[in-house]
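Just the heavy atoms: all of them, side chains too, but no hydrogens, waters or symmetry mates, feed the values below. Every chain is numbered from 1 and lettered A, B, ... according to where its sequence line falls, protein lines coming before strand lines.
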2 protein chains.
Amino acid sequence: MFTPVDKKRAFEAVVQQIESAIYAGEYAPGDFLPPERTLVEDFGVGRSTVREALRILESMGLVRTSPGSRSGPEVCGSVTPGLTRMLRGAVRMEEIPVVDLVQYRIIAGAAANRLAAHLRTDEHLERMEAAIEAMEAATDAATFAAADDGFHVVVREAAGNRVLGMVGGVIQDATLDLVAGAVGPSGGASRMRREFIADHRRILAAIAGHDGDTAARLASQTLYDAYSGALDEEQRHRLAVLLEPDVRNSRDH
Amino acid sequence: MFTPVDKKRAFEAVVQQIESAIYAGEYAPGDFLPPERTLVEDFGVGRSTVREALRILESMGLVRTSPGSRSGPEVCGSVTPGLTRMLRGAVRMEEIPVVDLVQYRIIAGAAANRLAAHLRTDEHLERMEAAIEAMEAATDAATFAAADDGFHVVVREAAGNRVLGMVGGVIQDATLDLVAGAVGPSGGASRMRREFIADHRRILAAIAGHDGDTAARLASQTLYDAYSGALDEEQRHRLAVLLEPDVRNSRDH
DNA sequence: ACCTAGCAGCTGTTCAGACCACAATTCCCA
DNA sequence: TGGGAATTGTGGTCTGAACAGCTGCTAGGT
């Protein structure tokens with residue numbers, strides 16, 4: 001019946017006020033908050049309180065501070081770096097298994113490719129083609145992974161779903177080092193890499209042909225092939241469930 | 001050629017050291033960091049620097065501080081609440097169109113139901129049944145929406161994917177007021193509500209029968225039916241794309 | 001008139017010291 | 001032996017100060 005009374009710490013109240021102001025649109029990305037010393041007067045708190053609040057907002061990716069500015073902390077638009085950082089931390093804390101990330105990529109990737117097949121413009125196709133050519137031209141694993149990254153960015157952009165785009169980007173960033181290690185172990189063994197590129201060409205062809213089913217299926221399969229090597233049997237099963245429709249209805253109960 | 005020199009701020013170095021120590025397992029969840037004043041001596045920095053670092057770690061969900069403790073900041077076990085909080089803020093700030101949210105719910109809901117059909121336990125089924133009964137017993141729209149919410153929570157839990165669960169929860173919260181307005185306009189017109197409940201029963205039956213395909217298809221259709229009334233023709237098309245496999249390959253190019 | 005070097009002011013960053021509120025611990029007295 | 005009061009260590013807050021970096025203006029020279 002009783003709601004727990006929130007004994008707010010001062011800096012939390014400051015965080016909430018600034019956060020609300022940003023979410024309410026009073027400060028657009030690129031705008032500047034008042035300087036710290038002004039915020040001290042406005043909020044009626046001490047300097048350290050304001051600074052701790054700003055540190056929190058900065059770690060959330062809402063604002064950015066840089067010395068020498070004449071205008072105060074800058075409100076920045078993208079929160080994704082902070083999200084990526086925290087997600088990586090969650091993975092490192094073993095709070096989120098890697099297989100969950102891969103599974104999510106398969107789910108979201110299939111949907112994004114399906115949507116992209118319906119909604120893509122010719123400009124998207126050109127950029128996908130450019131990304132594939134960058135993959136072919138890559139000499140080291142990092143560049144290759146970055147090019148692959150670029151391809152999927154364009155796909156998500158073509159899909160036109162903001163949630164899919166934002167979350168997908170974060171998950172992709174968090175798994176970036178995985179794909180680098182999985183597909184291209186630096187020099188040699190470029191067969192897997194060529195196969196990987198060929199997969200992307202097939203996906204591109206399906207998207208170009210407005211064939212959402214094929215694009216989704218190929219994208220899922222390619223992701224599965226790229227990551228399955230690093231997973232054990234039970235984890236692979238959890239991924240394989242997503243690849244093909246069930247053919248057995250209420251059989252294995 | 002030259003890489004930008006990273007002029008670290010003092011508190012960032014402190015954050016990194018503590019963060020690494022936690023990730024390295026030197027501090028297990030439940031352990032206590034040294035008190036602030038001790039950290040001041042260890043790092044050779046001022047108290048405010050240590051405090052700003054602790055605020056960042058706290059906003060990431062890694063540590064938790066409470067006044068009066070005799071042991072210092074506590075290392076938290078779960079980073080997920082912080083991640084969820086930040087994701088929720090990001091969704092709010094991005095001003096994501098409603099159709100994108102619904103589209104995402106269809107995508108993620110289908111996948112979650114498919115996975116749940118394979119991985120659910122009997123306990124999950126009981127809780128889903130309880131949620132449906134709560135929907136039947138609901139008298140006002142808010143309670144009804146909350147019960148529906150609870151059903152999907154169990155489904156995501158049964159699906160066993162942390163990312164899907166977390167993102168799905170945030171998006172569901174963002175659309176909670178929508179379903180309340182769409183399905184049950186308070187009193188009267190309970191036909192739509194009964195149909196909605198019947199849909200959930202069918203989904204539950206499919207999950208109980210390990211029929212992932214049917215569960216996914218029903219879940220997508222139910223969501224579409226619930227929300228499509230609030231959308232215009234072009235938006236409905238973007239949703240309908242996800243409902244059934246393409247039967248037309250490279251036809252409408 | 002134009003350009004440039006230098007200066008002043010504002011910004012964030014860090015430090016030191018002090019005080020308060022709070023909770024756990026300890027100690028003393030009934 | 002039990003309970004309450006004093007102690008102690010903790011986080012939370014504030015103040016004042018000094019420093020470093022950037023910006024924008026200004027004064028000087030060309």
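With hydrogens and angles ignored, the 3.5 Å screen pairs a side-chain donor or acceptor of A:Asp31 with a backbone N or O of A:Ala28. Panel note: side chain B:Asp148, backbone B:Phe144; no donor-acceptor pair is recorded below 3.5 Å. Side-chain N or O atoms of B:Arg88 include none that pairs as donor or acceptor with a backbone N or O of B:Asp173 at under 3.5 Å.
The footprint of chain B on DNA chain C, defined by a heavy-atom cutoff below 4.0 Å, extends from C:dT13 to C:dA24.
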*Please test A:Leu164 against B:Gln103 for side-chain contact (heavy atoms from CB on, under 4.5 Å), starting from the C-alpha separation and ending with a verdict.*
CA-CA 9 Å; A:Leu164 227 44; B:Gln103 199 177 44; 6.0 Å; no

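Atoms CZ (A:Phe11) and P (D:dC14) sit 12 Å apart, rounded to a whole Å. We find that CZ of B:Arg47 is positioned 19 Å from P of D:dG16, with the value rounded to whole Å. Here the C1' atom of nucleotide D:dT13 and the NZ atom of A:Lys8 are 17 Å apart, to the nearest Å.
The residue B:Ser48 sits close to a base: some heavy atom pair falls under 4.0 Å. B:Gly68 comes within 4.0 angstrom of a base, heavy atoms only.
A 4.5 Å side-chain heavy-atom check between A:Leu239 and A:Leu223 finds every atom pair outside the cut-off. You'll find the side chain of A:Ile106 stays beyond 4.5 Å of the side chain of A:Tyr227, heavy atoms only. Within the 4.5 Å cutoff, side-chain heavy atoms of B:Leu115 are placed close to those of A:Leu242. Side-chain contact check for B:Glu58 versus A:Glu52: every heavy-atom pair is 4.5 Å or farther apart.
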Detail all sub-3.5 Å separations between protein N/O atoms and N/O atoms belonging to nucleotides 6-8 of chain D.
{"unit_1": "D:dT8", "atom_1": "O2", "unit_2": "B:Arg70", "atom_2": "NH1", "d": "2.4"}

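At most 12 non-hydrogen atoms from other residues, nucleotides or ligands lie less than 6.0 angstrom from CD of A:Gln16. Surrounding CZ of B:Arg85 are at most 12 heavy atoms belonging to other residues, nucleotides or ligands under 6.0 Å away.
Near-neighbour residues of DNA chain C inside residues 35-43 of chain A, defined by a heavy atom below 4.0 Å, number-ordered: A:Pro35, A:Glu36, A:Arg37. For the segment residues 51-62 of chain A, no residue has any heavy atom less than 4.0 angstrom from an atom of DNA chain D.
Across A:Arg162 and B:Asp100, no two heavy atoms sit closer than the pair N-OD2, 2.7 Å.
Taking the side chain to side chain donor-acceptor pair (under 3.5 Å) definition, one finds that B:Arg127 meets it with B:Glu157, sequence neighbours left out. B:Asp149 pairs by the salt bridge (charged side-chain N to carboxylate O under 4.0 Å, His left out) definition with nothing, not counting sequence neighbours.
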